[in-house]
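What follows is a set of notes on a single structure, which appears directly below.
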Amino acid sequence: MTKLGQWLCGLLLLGSAWAALAGLRLPAPLRQALLPLPVYLLVAFGCFSLATVGFRLATFNDCEEAAAELREHIRAARADLARRGLRC
Amino acid sequence: MAGGGNDKFSVLLPTYNERENLPLVVWLLARTFRDSGTDFEIIIIDDGSPDGTQEIAEQLEKIYGSDKILLRPRARKLGLGTAYIHGMKHATGNFIVIMDADLSHHPKFIPEFIRKQKEGNFDIVSGTRYKGNGGVYGWDLKRKLISRGANFLTQVLLRPGASDLTGSFRLYRKEVLEKLMEKCVSKGYVFQMEMIVRARQLGYTIGEVPISFVDRVYGESKLGGNEIVSFLKGLLTLFATT
Ligand SMILES: Nc1nc2c(ncn2[C@@H]2O[C@H](COP(=O)(O)OP(=O)(O)OP(=O)(O)O)[C@@H](O)[C@H]2O)c(=O)[nH]1
Ligand SMILES: [Mg+2]
């Protein structure tokens with residue numbers, strides 16, 4: 001099955017479970033909690049996404065040392081290549 | 001033979017206007033492989049770069065020998081995907097390393113790739129900027145945000161089981177790469193993504209090594225709105241078809 005298919009199946013499953021529960025004669029407070037559940041889930045997922053991306057953005061490594069080391073290596077490479085007769 | 005045993009590693013270096021970078025990458029590659037006592041060859045696929053990359057490549061061939069440096073140029077710019085296929089045809093190693101020639105991928109990570117491959121007997125080892133000590137240098141906040149956002153979206157939609165889908169610093173078993181090349185049709189960043197997705201489908205195993213990605217110092221860089229749109233298109237295509 002494609003990833004799209006998997007998503008649709010998952011959503012269908014959750015959706016029908018929700019619809020089935022909503023169709024039952026539940027006590028009023030339970031029903032009130034149940035009806036907006038999809039919206040809550042959506043909002044929660046949105047928050048989770050933003051938080052995850054934000055956190056990863058903030059903790060994205062800046063490789064200063066790698067850049068400095070590369071500059072050093074470039075210098076060494078240039079010198080050695082010139083010695084071996086490379087004309088750039 | 002400390003590092004390699006009987007293995008031979010073919011490095012594919014596609015170049016387009018990398019006159020400044022190419023000799024430096026080749027020098028670093030040669031030093032890395034010699035230090036670890038590993039058998040290697042470097043295959044340079046230059047697509048008729050107007051800056052004279054090919055001429056530099058010919059000098060390098062003389063310096064390092066034509067058993068170490070193989071020149072397999074093409075007459076004009078035909079794109080990265082076909083450059084890999086073209087280069088791979090001439091590879092004699094049983095493992096293939098794919099990397100950019102613009103110095104954003106440092107050859108020092110290759111011994112780590114090789115160690116990782118041995119450790120888990122992996123079919124593919126992929127460099128990752130998004131894990132452990134991995135990271136980037138030279139990106140502003142906007143580019144980092146796009147990269148993180150795109151990566152998150154990809155993880156959610158495709159659950160690919162690898163953390164860096166758009167990176168192009170990887171080690172493949174030769175036959176695995178051949179198989180994947182046959183299957184993959186996308187272009188650009190999506191091509192790298194599709195390789196991993198198809199690899200998972202075919203049941204290949206993937207190991208990961210954190211890498212530091214240093215944005216190119218020499219030459220032009222391009223990440224525009226166009227790239228983002230084609231990335232999203234490609235992502236959705238993979239989402240709907242794989
Ligand atoms: N042979 C060949 N090589 C190419 C072609 N396009 C890009 N390359 C090379 O492929 C590697 C990756 O390309 P880059 O231009 O660095 O692409 P990028 O890393 O996505 O973008 P920037 O580094 O930000 O410019 C480099 O070594 C390029 O020289 C092509 O059409 N043919
Ligand atoms: Mg690059």
Side-chain angles (χ1 to χ4, degrees), chain A residues 1-18 37-88, chain B residues 19-28 30-31 52 55-56 59-60 62-64 103-104 106-109 129-139 141 143-153 155-160 197 210-215 217-218 236 238-242:
Chain A
M1 195 179 353
T2 64
K3 283 287 173 327
L4 176 65
Q6 292 175 9
W7 268 84
L8 290 178
C9 280
L11 288 178
L12 206 69
L13 220 71
L14 282 176
S16 40
W18 175 77
L37 204 61
V39 181
Y40 288 160
L41 279 180
L42 209 67
V43 171
F45 179 70
C47 291
F48 167 76
S49 304
L50 281 182
T52 310
V53 172
F55 175 77
R56 289 181 181 169
L57 180 62
T59 55
F60 212 160
N61 276 338
D62 264 315
C63 307
E64 299 282 348
E65 331 75 53
E69 185 195 45
L70 178 63
R71 278 191 287 273
E72 203 45 58
H73 288 167
I74 288 177
R75 210 163 307 142
R78 282 242 171 77
D80 188 53
L81 283 165
R83 200 158 43 237
R84 295 186 193 206
L86 183 85
R87 290 165 290 104
C88 315
Chain B
R19 188 188 171 87
E20 291 276 352
N21 294 315
L22 181 64
L24 305 172
V25 185
V26 167
W27 188 84
L28 286 170
R31 190 180 68 168
E55 190 263 325
I56 292 281
Q59 289 190 49
L60 290 167
K62 288 211 185 71
I63 293 175
Y64 287 98
L103 286 178
S104 24
H106 197 300
K108 72 179 174 188
F109 292 109
R129 295 161 288 183
Y130 302 115
K131 252 193 186 169
N133 291 326
V136 294
Y137 176 83
W139 283 11
L141 197 64
R143 179 133 192 212
K144 281 185 182 170
L145 176 63
I146 293 172
S147 167
R148 278 302 194 185
N151 185 259
F152 179 77
L153 192 63
Q155 295 295 336
V156 170
L157 292 184
L158 301 181
R159 281 173 286 120
V197 172
I211 58 158
S212 50
F213 177 100
V214 179
D215 211 10
V217 189
Y218 303 106
L236 291 179
L238 286 178
F239 180 58
T241 58
T242 65

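Chain identifiers are assigned alphabetically (A, B, ...) following the order of the sequence lines, protein sequences preceding nucleic acid strands; residue numbering begins at 1 within each chain. Hydrogens, waters and symmetry mates play no part in the numbers below; they use all other heavy atoms, side chains included.
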Per-residue tally against chain A (heavy atom, under 4.5 Å) across B/Leu158, B/Leu157, B/Ile56, B/Val136 peaks at B/Val136
Would you please test B/Leu103 and A/Ile74 for side-chain contact (heavy atoms from CB on, under 4.5 Å) and show each step? CA-CA 10 Å; B/Leu103 286 178; A/Ile74 288 177; 3.7 Å; yes
So, do B/Leu145 and A/Val53 sit near enough that their side-chain heavy atoms are less than 4.5 Å apart? yes
Cross-chain donor-acceptor list, chain A and chain B, 3.5 Å limit, no angles:
{"from": "A/Lys3", "atom 1": "N", "to": "B/Thr242", "atom 2": "O", "distance (Å)": "2.7"}
{"from": "A/Leu4", "atom 1": "N", "to": "B/Phe239", "atom 2": "O", "distance (Å)": "3.0"}
{"from": "A/Gln6", "atom 1": "OE1", "to": "B/Arg159", "atom 2": "NH2", "distance (Å)": "2.9"}
{"from": "A/Arg56", "atom 1": "O", "to": "B/Arg148", "atom 2": "NE", "distance (Å)": "3.2"}
{"from": "A/Asn61", "atom 1": "O", "to": "B/Val136", "atom 2": "N", "distance (Å)": "3.1"}
{"from": "A/Asn61", "atom 1": "ND2", "to": "B/Gly132", "atom 2": "O", "distance (Å)": "3.4"}
{"from": "A/Asn61", "atom 1": "ND2", "to": "B/Gly134", "atom 2": "O", "distance (Å)": "2.9"}
{"from": "A/Asp62", "atom 1": "OD1", "to": "B/Lys144", "atom 2": "NZ", "distance (Å)": "3.3"}
{"from": "A/Asp62", "atom 1": "OD2", "to": "B/Lys144", "atom 2": "NZ", "distance (Å)": "3.1"}
{"from": "A/Cys63", "atom 1": "N", "to": "B/Val136", "atom 2": "O", "distance (Å)": "3.0"}
{"from": "A/Glu69", "atom 1": "OE1", "to": "B/Lys108", "atom 2": "NZ", "distance (Å)": "2.4"}
{"from": "A/His73", "atom 1": "ND1", "to": "B/His106", "atom 2": "NE2", "distance (Å)": "2.8"}
{"from": "A/Arg78", "atom 1": "NH2", "to": "B/Tyr218", "atom 2": "OH", "distance (Å)": "2.8"}
{"from": "A/Asp80", "atom 1": "OD2", "to": "B/Trp27", "atom 2": "NE1", "distance (Å)": "2.6"}
{"from": "A/Arg87", "atom 1": "N", "to": "B/Gln59", "atom 2": "OE1", "distance (Å)": "2.8"}
{"from": "A/Arg87", "atom 1": "O", "to": "B/Gln59", "atom 2": "NE2", "distance (Å)": "2.9"}

Given heavy-atom pairs under 4.5 angstrom as the criterion, report whether the side chain, backbone, both or neither of A/Phe55 touches chain B. neither
Nearest non-hydrogen partners of A/Leu86 and B/Leu60, listed with the distance: CD1-CD2, 4.2 Å
Ranked by heavy-atom pairs below 4.5 Å to chain A, first place among B/Leu238, B/Val26, B/Ile63 goes to B/Ile63
Mind checking the CG-CG spacing from B/Leu141 to A/Leu57? Nearest 0.5 Å is all I need. 5.0 Å
Identify the two heavy atoms, one from A/Leu81 and one from B/Pro23, that lie closest to each other, and give their separation to 0.1 Å. CD1-O, 3.5 Å
Using the side-chain contact (heavy atoms from CB on, under 4.5 Å) rule, take A/Phe45 and B/Val156 through it: C-alpha gap first, then chi angles, then the decisive distance, then the call. CA-CA 11 Å; A/Phe45 179 70; B/Val156 170; 4.1 Å; yes
